[in-house]
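To keep things clear, I will list the structure first and then write my remarks on it.
Just so it is clear, the model here is predicted, and its values are computed rather than measured. In listed order, ligands and their atoms are each counted from 1.
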Amino acid sequence: MAVMTKNQKLLDWVEEIAAMCQPDNVVWCDGTREEYDRMTNALVKSGTFIRLNDDIRPNSFFCRSDPADVARVEEFTFVCSEKEEDAGPTNNWADPKEMKDKLRKLYDGCMKGRSMYVIPYSMGPIGSPIAKVGIELTDSPYVVVNMHIMARVGSEVLRVLGESEDFVRGLHSIGAPLSTPKTPDVPWPCNAENKYITHYPETREIWSFGSGYGGNALLGKKCHALRIASVQARDEGWMAEHMLILKITSPEGEVKYIAAAFPSACGKTNLAMMEPSLLGWKIETIGDDIAWMKFGEDGRLYAINPEAGFFGVAPGTSMASNPNAMRTLHANSIFTNCAITPEGDIWWEEMSDDQPELLFDWLRRPLTPGSGRTAAHPNARFTTPARQCPVIAEEWEDPKGVAIDAFLFGGRRATTIPLVNEAYNWHHGTFLGSVMSSEKTAAAAGKVGEVRRDPMAMLPFCGYHMGDYLAHWVKIGNEHDDSKLPKIYYVNWFRKDADGKWLWPGFGENSRVLKWIFERCAGRAEAQDTPIGRLPTPDSIDIEGLDLDAKDMKELLKVDLEEWLNETPDMQKHYEKFGKKLPDELVWELERLEERLREPAHKV
Ligand code: OXD
Ligand code: MN
């Protein structure tokens, strides 16, 4: 496509980067279907993609990465703020100038023999007052076609940007130049020795080098929509959070919107697309990973999903765990690092009860059942358009967003944390989110797994000091009317009994907990005060038709004061990391919690 912009700042930047990276040519992406088809065909020709069987999975592609490039690389991810203290204790920091000097040497000539694509993208519906524009420069056609699905891409974005300088500048290279355009390429070029994912919050820039995979390379997602956007949100008084957004409708037609933060591997995508077990209740999806939220004139918090697709973990996704995800990816999808069948369809662990007789695994080897090897890499992914989701809410692209009624926090905990707990107010809810914890999966029966505290599930994604981030949450509570802010809940689907058996069935049955939350937001359901927050009264959660005895329900809602008192020193230790940046309000909340645990009759 010809250059479709007169934005001189953008043109100058593209020229400057092209001079450094020395691609053979520069291609401006227009975001059209024709461009997508042209590029997927080229990826098939170059051996990066295999076209799946059109009769089984139309217009879909299979791809295997280099085994050295399979996931986000947190140890090589940097927040290069001007001052080290602004990156905080939970991010890697490097001086921005030193990091750029080092990277310039790597970028020098790194696109030789390749094209440099200019991808104009909008995070959020184009033109929405909550959306933001970014431009990604990349030498990876795989990135271009994935960005087509994950964001709104193309000429319309340039039109909306006009001559504004307000865009995030993202530079990405796989770091694998070809000496001539004719040099044979490999299916997944990357740089095995050097991978850097670097962020410059003050100048709203991202420089990523060496990896072509997921969040390292699709810069709109974690790099822009969370790390850079969290800084913008702090500066401008809004919120960029690692949250799914769902719509819940009661049998009477009343609607509420819930946003929920869970660390990776806690079933976020499953919850966002859940088929509720409760008759007459409806759950629809707005987003499965990220929420951008701004205050409306009515004082309420409005959320959009900045993304346009789902980049979901494939293994474990099935008609049993997430039927709506399975239906979403029936066509027009890209599958990376799962296995392929001889018929030309994909497969991954748990996708069906029986493993197909013959597969070719993610490492290109033949695989038969019983070999003891897994077919898909555990971080194998599908990239699929959100609009194909059969339960996508009709307002998912509403530019003004949806008014959030409740926030959920949660993690995987075998003990201590009850099924659901309502915060007393915003600051108490902020406290609950700040000490959010999850266990390493597959904790042995009866044994407590290793607990990692991950405030608001933002640990790998906050672009500034986590103490300042928590202060931003507290400030929102100070500046806004508590009655209009979302109510905050802490949930745990993963509590186990003494024999290590799950107490709660999870999946579609989680709708029962969502119903209680819905009714609480509507001012109807019953709750009782406890030292840790407001819990459902014994029969206020609807368990009709569920094979769950009263003893198990009691266990699920148990608040064991001893267990909680054993937990508070770890919360204290977690807080110490943030030093003086930790807001006093949260120290106060932890002290009050300890006080209430020691003297449960104490007024809450
Ligand atoms: C993701 C993650 O990939 O949270 O969404 O790790
Ligand atoms: Mn995520």
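- Near F461, the atoms of ligand 1 lying under 4.0 angstrom from a non-hydrogen atom of the residue are 4 (O).
- Between the side chains of W348 and N337, no donor-acceptor pair of N or O atoms lies under 3.5 Å.
- The shortest contact between atom 5 (O) of ligand 1 and any protein heavy atom is with K222 NZ, 2.9 Å.
- Side-chain atoms of T336 and Y142 form a donor-acceptor pair, as typed in the model, at a separation below 3.5 Å.
- With T269 as the partner, the side-chain contact (heavy atoms from CB on, under 4.5 Å) test is satisfied by one option alone out of V313, N322, T317: N322.
- The Mn ion (ligand 2) lies closest to atom OD1 when only the N/O/S atoms of D289 are considered.
- In this structure, atom 2 (C) of ligand 1 lies nearest to the protein heavy atom S264 OG, 3.3 Å.
- At a threshold of 4.0 Å, the pair K222-D289 counts as salt-bridged, since one of the basic side-chain nitrogens sits closer than that to a carboxylate oxygen.
- Evaluated by nearest non-hydrogen atom to atom 3 (O) of ligand 1, the leading choice among R72, H242, R381 is R381.
- Summarising the local packing, NZ of K475 is surrounded by 12 or fewer heavy atoms from other residues, nucleotides or ligands at distances under 6.0 Å.
- Here K268 does not reach the Mn ion (ligand 2): none of its N/O/S atoms is less than 2.8 Å from the metal.
- Counting only N and O atoms by type, the side chains of S81 and D86 include no donor and acceptor under 3.5 Å apart.
- The distance from ligand 1 to the heavy atoms of D289 drops below 4.0 Å at these ligand atoms: 5 (O).
- For F262, no heavy-atom contact with ligand 1 is shorter than 4.0 Å.
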